[in-house]
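Only this structure's heavy atoms are used, side chains among them; waters, hydrogens and symmetry mates stay out.
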Amino acid sequence: MTTKRYHRVLTIAGSDSSGGAGIQADLKTFSALGCYGMSAITALTAQNTKGVTAVHAVPPSFVEQQLEAVFGDIGVDATKIGMLYSGEIIETVARQLKKHDAQNIVLDPVMVSQNGDKLLKDEAIEAIKKYLMPLATILTPNLPEASVLLNRRVNDPRDIRQAAREIASYGSRSVLLKGGHMDSDDCTDLLFIRPGSRFVAFKGQRIDTRNNHGTGCALSSAIASFLARGLPLDEAAGSAKEYITGAVRAGSEYEIGHGHGPVHHYYRFW
């Protein structure tokens, strides 16, 4: 009898008690896209659709133990990295990724929540640039995050390509600049692949909804899922864009909470 093999995807991120973002959103996305999800929790948050009220960081040594447990037994085909909170945790994660020769690393540089609550210490930004960006297969910043990484405002469509090149210079193989914060109805995401200096645009139209909590988490997790399933980088990003567009559209039909509700991760099934 032939033994089947799972597509194994690990999320290294914070926990969202409301289930709309963080590891909860990541695991839902992995499952929805046919992958086996695992997690290493970096922080606990008390949050809901209205915002984050408390953050409790996990000790770096325990983050390390979680990663050792997963890599040492099950193995990982792709890794999604989200909220890391501190420089110490960032260095710990980087050491583990190098130790276990992790492949298909999707780095979502989470800095603030949908409601503007800080999820990353200011001093940790340089640690992301130094330790994690050189390891990333793909980096997925939105425009505010790109602005922080480059220490200048990135919001002009004419500047997007240059911004992507500058961010990739920190070492990641590719950068997907998300266009959701553009002041227009256009939500085009731009992928820059450093080898070959190639650009790929993924067009999209803005969906009128307040249910966009965890959109970035789901998109980066979808990319990791498709990479784990063996898709080339540009196809993985394009398939993830298609998935998240459908999830946002389907989620817009629901009412949950009193703030920014989640996307519908399982819209393809119910």
Side-chain angles (χ1 to χ4, degrees), residues 8-31 35-102 104-136 139-141 145 148 213-214 216-218 220-221 224-225 262:
R8 304 159 298 176
V9 191
L10 168 67
T11 170
I12 307 172
S15 169
D16 172 4
S17 53
S18 74
I23 61 161
Q24 287 83 350
D26 298 339
L27 292 171
K28 291 174 186 177
T29 302
F30 299 159
S31 180
C35 294
Y36 180 84
M38 303 162 286
S39 65
I41 301 174
T42 59
L44 307 176
T45 69
Q47 66 174 296
N48 52 31
T49 62
K50 296 187 291 183
V52 179
T53 56
V55 176
H56 179 71
V58 173
S61 61
F62 192 69
V63 173
E64 182 176 46
Q65 287 179 286
Q66 293 176 78
L67 293 171
E68 284 284 2
V70 172
F71 278 109
D73 175 36
I74 299 171
V76 177
D77 296 312
T79 301
K80 174 263 170 78
I81 303 172
M83 176 187 178
L84 295 175
Y85 189 66
S86 71
E88 294 83 2
I89 292 176
I90 289 167
E91 291 188 47
T92 296
V93 169
R95 282 197 307 270
Q96 284 291 305
L97 294 175
K98 287 182 179 179
K99 177 180 178 180
H100 296 284
D101 192 27
N104 295 322
I105 298 171
V106 182
L107 175 58
D108 186 20
V110 176
M111 298 176 186
V112 297
S113 72
Q114 181 72 40
N115 294 286
D117 303 293
K118 290 184 65 174
L119 299 174
L120 180 72
K121 291 184 176 180
D122 291 337
E123 62 270 22
I125 295 170
E126 291 304 314
I128 286 181
K129 294 179 182 178
K130 180 178 180 180
Y131 296 108
L132 284 180
M133 288 173 67
L135 303 179
L139 192 77
T140 63
E145 290 161 347
V148 172
H213 180 51
C217 299
S220 54
S221 294
S225 297

Run the numbers on Asn48 and Ser18 for side chain to side chain donor-acceptor pair (under 3.5 Å), then give the verdict.
-> CA-CA 5 Å; Asn48 52 31; Ser18 74; over 6 Å; no
May I ask you to test the Thr45-Met83 pair for a side-chain heavy-atom distance under 4.5 Å?
-> yes
Shortest non-hydrogen contact from Cys217 to Lys80?
-> O-NZ, 3.2 Å
Is the backbone N or O of Asp77 less than 3.5 Å from a side-chain atom of Asn104, with the two atoms forming a donor-acceptor pair by type?
-> yes
Is the backbone N or O of Gly19 less than 3.5 Å from a side-chain atom of Lys28, with the two atoms forming a donor-acceptor pair by type?
-> yes
Gln66 versus Ile41, closest heavy-atom pair with distance = OE1-N, 2.8 Å
Going by heavy atoms in the side chains, are Asp108 and Glu145 under 4.5 Å from each other?
-> yes
What one should report as the nearest heavy-atom pair of Ala224 and Val9 is CB-CG1, 3.9 Å
Any Leu10 side-chain heavy atom under 4.5 Å of Ile74 side chain = no
Check: Thr11 side chain, Ser39 main-chain N or O, donor-acceptor pair, under 3.5 Å = no
Considering only heavy atoms from C-beta outward, does the side chain of Leu132 approach that of Leu97 to under 4.5 Å?
-> yes
Considering non-hydrogen atoms only, spot the tightest contact between Pro60 and Glu88 and give its length.
-> CG-CB, 3.8 Å
Would you name the heavy atoms of Gly20 and Ala25 that are closest together and state the gap between them?
-> O-CB, 3.4 Å
Min side-chain heavy-atom separation Glu91-Lys130 under 4.5 Å = no
For residues Pro134 and Lys129, report the shortest heavy-atom separation together with the two atoms involved.
-> CD-O, 3.4 Å
I would like to know whether Val58 and Thr42 meet side chain to side chain contact (heavy atoms under 4.5 Å, CB included); could you show each step before the answer?
-> CA-CA 5 Å; Val58 173; Thr42 59; 5.5 Å; no
Reported CG-to-CD1 distance for the pair Leu135 and Ile81, which is rounded to 0.5 angstrom | 7.5 Å
Do the non-hydrogen side-chain atoms of Asp16 and His213 ever get within less than 4.5 Å of each other?
-> yes
